[in-house]
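No hydrogens, no waters, no symmetry mates; every other heavy atom, side chains included, goes into these values.
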Amino acid sequence: MKEKTVVIEIDEQGNSSLDLEGFQGRGCTEVARDFRANDSAVNVRNKREFYLQTATARAQQERQ
């Protein structure tokens, strides 16, 4: 199983950033939502890995 890492950085102004490594697709979205709780996200940038599972799922659907 691939190692998963969550990196949270908080700057001097109290702004925070969340970087998820080793997560793909919906798993990434769910983990980010859990960390964010009721706070809103100002800027969301999905990494390449976010789209990998979507492409894999699409390929599986095409085979059926």
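With rounding to the nearest 0.5 angstrom, the CG atom of Leu18 is 13.0 Å from the CZ atom of Arg33.
Linking ILVMFWY residues whenever their side-chain heavy atoms come closer than 4.5 Å, directly or via other members, places Ile8 and Val31 in the same cluster.
Counting non-hydrogen atoms of neighbouring residues, nucleotides and ligands closer than 6.0 angstrom, the CG atom of Asn43 exceeds 12 such neighbours.
For residues 6-21, the set of pairs meeting the salt bridge (charged side-chain N to carboxylate O under 4.0 Å, His left out) definition, not counting sequence neighbours, comprises Asp19-Lys47.
For the side chain to side chain contact (heavy atoms under 4.5 Å, CB included) test, no residue two or more places apart in sequence or in another chain qualifies with Arg48.
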